[in-house]
Every structure is written in structure tokens, then in C-alpha cells.
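One structure is given here, and the rest of the page talks about it.
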Amino acid sequence: MNESQAAKELYAQLPLTIEVEDFSINDKVFYPPQKLSITDTPMAIGGKGKLAYFEPWGDVVMFYDSFSENSSLFELGESVSGQDDIEKLSGIITISAYDI
């Protein structure tokens, strides 16, 4: 995760046991219990493995393929491994903090 305010707020909510859902043909989403502040959070650019926050709906997006830029999509970080496994996620998952 990056050093943005939104990433710090998501990190503070961990661990989360939460439902992950398909949204489109390139991502999975989940809804953290508390909305995130986008203050000083960069726009999401890139593709596979990117973790982003879609501010209008309050969902966190995990991309497993490329995506188009969107003025409401803010970058939280990116996967350092397992990008190919994002597409396989479904149901209830547990997200915990992991220090490298």
C-alpha cells in the first residue's frame, strides 16, 4: 500500500473478513466498513495488480487486468505478488496486514 491518506485508513481497518464480489471483466471489489478519505491520494493509473478506491461507491477495487483511468478512482497500492490469483477470489475472504 502507498503512503496516501486513503491507504492508511484502509490499513487501520485491518484485519477484515469481508465479501469480495465480481464487478466487471477486470476486477474484484469489496466494501470496507468505513469510507476512506481521498485527501492527497493519487489517481489510479496502471493495470494488473493495482489496488484502488472508487470514492463514489466506497469500494476497494482489486484489478487483475488493465483498466481505464477514472476521475473517481484513487490508488491505494499494488500487489507485490499473486496478481494472477486476484481473479480467483470469491466469497468471504480475510484481509490482514502483511509487512515485507
Side-chain angles (χ1 to χ4, degrees):
M1 292 175 61
N2 62 30
E3 295 295 319
S4 70
Q5 183 63 33
K8 290 175 184 176
E9 289 178 10
L10 178 61
Y11 189 85
Q13 294 181 48
L14 300 179
L16 290 174
T17 298
I18 202 155
E19 184 173 8
V20 66
E21 306 169 8
D22 291 315
F23 180 73
S24 185
I25 60 169
N26 63 345
D27 60 8
K28 301 284 183 163
V29 301
F30 67 88
Y31 294 84
Q34 299 168 341
K35 289 205 170 216
L36 309 177
S37 169
I38 56 169
T39 301
D40 297 325
T41 302
M43 302 307 297
I45 300 170
K48 190 175 188 177
K50 190 69 65 173
L51 183 67
Y53 181 63
F54 188 63
E55 193 271 334
W57 296 347
D59 60 319
V60 173
V61 186
M62 300 175 286
F63 287 98
Y64 55 84
D65 205 346
S66 61
F67 62 91
S68 299
E69 293 179 38
N70 181 308
S71 63
S72 297
L73 193 61
F74 297 87
E75 183 174 331
L76 300 173
E78 61 185 278
S79 174
V80 293
S81 67
Q83 291 110 344
D84 294 330
D85 296 323
I86 296 170
E87 186 174 6
K88 301 172 193 167
L89 295 174
S90 67
I92 304 295
I93 63 170
T94 298
I95 304 167
S96 2
Y98 180 80
D99 293 322
I100 298 176

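- Look at Asp84 and Lys48 and you find a salt bridge, because one of the NZ, NE, NH1 or NH2 atoms lies within 4.0 Å of a carboxylate O, short of that distance.
- Residue Gln83 holds its CD atom at 13.0 Å from CE of Met62, rounded to the nearest 0.5 Å.
- Here the NZ-OG distance, from Lys50 to Ser79, works out to 11.0 Å after rounding to the nearest 0.5 Å.
- Under the 4.5 Å side-chain heavy-atom criterion for grouping Ile, Leu, Val, Met, Phe, Trp and Tyr, Tyr11 is connected to Ile38 within one hydrophobic cluster.
- Between Phe67 and Phe63, the angle of the ring planes stays under 30°, which puts this pair in the parallel group of the 30/60° scheme.
- To the nearest 0.5 angstrom, Leu16 atom CG is 6.5 Å from Phe30 atom CZ.
- Interatomic distance, Glu19 CD to Lys28 NZ, rounded to the nearest 0.5 Å: 11.0 Å.
- Cluster membership check: Leu89 shares its hydrophobic cluster with Leu76, using side-chain heavy-atom separations under 4.5 Å among Ile, Leu, Val, Met, Phe, Trp and Tyr.
- Few gaps surround CD1 on Ile92; more than 12 heavy atoms of other groups in view lie less than 6.0 Å from it.
- Across every non-hydrogen atom of Gly58 and Pro32, the tightest pair is O-CD, 3.4 Å.
- Across all non-hydrogen atoms, the minimal contact from Ser66 to Asn26 is O-ND2, 2.8 Å.
- Under a hydrophobic-cluster definition in which Ile, Leu, Val, Met, Phe, Trp and Tyr are linked whenever side-chain heavy atoms come within less than 4.5 Å, directly or via other members, Leu51 and Met43 are assigned to the same cluster.
- The backbone N or O of Ala6 lies less than 3.5 Å from no partner atom in the side chain of Tyr53, so there is not a single donor-acceptor pair.
- How far NZ of Lys8 is from OG of Ser37: 11.0 Å, rounded to the nearest 0.5 Å.
- No side-chain heavy atom of Ile95 sits less than 4.5 Å from a side-chain heavy atom of Val20.
- For Gln13 and Glu9, the side-chain atoms include no donor-acceptor pair closer than 3.5 Å.
- Hydrophobic cluster membership is shared by Ile86 and Leu14, with clusters built from Ile, Leu, Val, Met, Phe, Trp and Tyr side chains linked at under 4.5 angstrom.
- Around CZ of Phe23, the count of heavy atoms belonging to other residues, nucleotides or ligands within 6.0 Å does not exceed 12.
- Within a 6.0 Å radius of CG in Asp40, other residues, nucleotides and ligands contribute 12 heavy atoms or fewer.
- Across all non-hydrogen atoms, the minimal contact from Ala52 to Ala44 is CB-CB, 3.9 Å.
- Clustering ILVMFWY residues whenever any of their side-chain heavy atoms sit less than 4.5 angstrom apart, transitively, puts Met1 in a cluster other than the one holding Val29.
- Atoms CD1 and CD, from Ile45 and Glu69 in turn, are 4.5 Å apart once rounded to the nearest 0.5 Å.
- The backbone N or O of Asp27 lies less than 3.5 Å from no partner atom in the side chain of Ser24, so there is not a single donor-acceptor pair.
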